[in-house]
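Just follow the structure's listing: the first ligand is 1, and inside any ligand the first atom is 1. We're numbering straight along the sequence, starting at 1. Predicted, not measured: the structure shown is a model, and the values here were computed from it.
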Amino acid sequence: MPGPVLLAVDDDRECLSALTRELGDRYSRDYRIVCTGSPEEALAKLEKLAEDGEEVALVLAAQWLPGTTGSDLLGQVRRLHPHAKRGLLITWGGWGDPATGEAIFDSMAHGRIDYYVLRPAGSPDEIFHQTISSFLLEWARDRRIAPHTIRVVGEVWSGRAYELREMLGRCAIPHSFCLADSDEGRGLLAGADGGSQLPLVILPNGNMLTDPTNAELAQAAGASVDPEHTDFDLVIVGCGPAGLSAAVYGASEGFTTLVIDEGGIGGQATSSSLIRNYLGFPAGISGGRLAEQAYEQAWVLGAKFAFMQQALELRREDGQICVSLSGHSGVHARAVILATGATYRRLGVPELEAMNGAGVFYGGPAAEAPGVGGHDVYVLGGANSAGQAALHLARYARRVTLVVRAESLAVGMSHYLAREVQATPNVDVRLGTEVTGGGGEGWLDHLVLRELASGQEETVDAAALFLMIGARPHTDWLPAEVSRDPRGFILTGGDLPTPAWPLERSPFELETSMPGVFAAGDARHGSVKRVASAVGEGSMAIQFMHGLFAADGLERTGSRAQPVS
Ligand SMILES: Cc1cc2nc3c(=O)[nH]c(=O)nc-3n(C[C@H](O)[C@H](O)[C@H](O)COP(=O)(O)OP(=O)(O)OC[C@H]3O[C@@H](n4cnc5c(N)ncnc54)[C@H](O)[C@@H]3O)c2cc1C
């Protein structure tokens, strides 16, 4: 019988029979269910499935098995079936048992399991099924076979097809890519009446776009491009975690709110394949998924969005703050929140800059990872984002090398992540090293690494380089009135130099030197560069909004927002 496999191993007879019943009753129409009490049989079956190239979507294993442990067995699954989700089965209350608790922490830290699963109790056990269907949804998303996935067909991985994929990624829109001369590509093109110009974009509703502009693609995918009105209580520039959080709280507190972004939703967070330190998601959540949910939340609360619109200018006009936009005359607001985040520092090696998108990528590898299967790839950077990128790539690549200038991972990386990186067999770490050159014919095939201490250079084979070397704030467009530190990060509240503040009242904590203009998230001087901190600052800014409206006697637009004429 065809279909991806769900495999469960548990030597407790009663539990095995409950697993067989629950998995069989709920999932056997779409998946092959394999349940066994023997870890040897489970491993042999998984090896055979890997040999035959069969897909395994999920493996569940009880922790305490005869002759082995579930975490060891699940650790081997990663090698055999890198995309399979892995759940460690425990009994209710098992986390209170020190040995089981330690097995869960250790397996999570070393990436041997995705999460733990409570053994089914009774039938139907909806808590069990909620965990299983979350695993299956994540698996389908990783495999890019989830419903509503946009398909991009291109001649090569680079060029315009790459830009479109990047743009879809920035809008957190699930998408997949295939080459025109692959079996899948030929099939899709055959259904497109032939002769279509590439790249071709096929939407989930069957509509097709040939070589669309970013704005056309965003609009076709359901993202708004023009603001409906021009007059708002609050305009938020930037739709990353800080902007999204401000939008949720601003709209929910009754401020008419517009969020503008030159891309789509999620900002830098969309390049994070798994955020494990955001409150409320114990198994972690991808940045794209978090952004998608936050966007939906802000939207149902009434926030308006304008994507593919760059904020070009900020000025005070007739007692209001005016934001000029790239594709629109501009919008007015009583208050503005700058949540423009940061962009990556460039490597500054011309031959590698020239290969951007052709094996050299700034930022996380969420979209590119499937393309590096079986190759040796490099990640440059020593912070958490670089560690996460290396771990994500390790699922696809033959070998991942993390190149770090510092002499220790501890300098820039969280302890849990550094441990996981060091424990992953196909991840190497080269400390005290930098990338000084590289190249290839149309696609990167080698890099030059230099050891900082000795100055010794080495040329290595490399199919991809992911650069995660820090960021600079996106604040060049702001007027001089908005004071910044020497690196361009926006000064706020108590950090403002006294002469810069023009009013008698004191500035609010997140207020910039331009009254009524606030800053939140990575763009702000002194901010912690984390999703949770950006979200916290976005919501805090809304609390200050109430104070601002009262202190400066501002009147809300309410329902008086005027349609664009
Ligand atoms: C690969 C990666 C992994 C990460 N992993 C984690 C993690 O595991 N945990 C964690 O806590 N943090 C993580 N981070 C950091 C986290 O993503 C950032 O701290 C967070 O996204 C900052 O949010 P922000 O809203 O301030 O800015 P951003 O996310 O940078 O968003 C800013 C937005 O503003 C828009 N913008 C900028 N200028 C303009 C303009 N002029 N007009 C219109 N729009 C504009 C941009 O397009 C962007 O969408 C990671 C970052 C990266 C890159």
- Pick from Pro473, Ser385, Ala519, Gly381: the one approaching atom 2 (C) of ligand 1 most closely through a non-hydrogen atom: Ser385
- 4.0 Å heavy-atom contact, Glu537 with ligand 1: no
Show every donor-acceptor pair shorter than 3.5 Å between a side-chain atom in residues 296-306 and any protein atom, with sequence neighbours excluded, or say none if there are none.
none

For residues 489-497, please give each side-chain donor-acceptor pair under 3.5 Å, one per line with the distance, not counting sequence neighbours.
residue: Thr492; atom: OG1; partner: Arg524; partner atom: NH1; Å: 3.0

- Counting from 1, what ligand 1 atoms have a heavy atom of Gln309 closer than 4.0 Å? 43 (C)
- Task: Assess Val237 for proximity to ligand 1: is some non-hydrogen atom of it under 4.0 Å away?
- Result: yes
- Task: Could you tell me if any non-hydrogen atom of Arg524 lies under 4.0 Å from any atom of ligand 1?
- Result: no
- For Met468, the ligand 1 atoms with a heavy-atom partner under 4.0 Å come out as 1 (C)
- Task: Compute the shortest N/O to N/O distance between Ala534 and ligand 1 and return yes if it is under 3.5 Å, no if not.
- Result: no
- Taking atom 31 (O) of ligand 1 as the point of reference, which of Gly238, Gly387, Gly240 owns the nearest heavy atom? Gly240
- Query: What part of Trp477 sits under 4.0 Å from ligand 1 if we count only heavy atoms: the side chain, the backbone, both or neither?
  - Reply: side chain
- Item | Within-4.5 Å side-chain heavy-atom neighbours: Ser527 and Ser533 | no
- Message: Check for me whether Ala339 has a heavy atom closer than 4.0 Å to any atom of ligand 1.
- Response: yes
- Query: Is there a nitrogen or oxygen of Gln388 sitting under 3.5 Å from a nitrogen or oxygen of ligand 1?
  - Reply: yes
- Heavy-atom contacts with Ala342 under 4.0 Å: which atoms of ligand 1 show up? List them by number with element. 30 (O)
- Query: Relative to each other, are the rings of Phe508 and Phe544 parallel, tilted or perpendicular (30° and 60° limits)?
  - Reply: tilted
- Query: Below 3.5 angstrom, do we get any N/O pair linking Pro241 and ligand 1?
  - Reply: yes
- Task: Compare all side-chain heavy atoms of Tyr278 with those of Leu290 and state whether any distance is below 4.5 angstrom.
- Result: yes
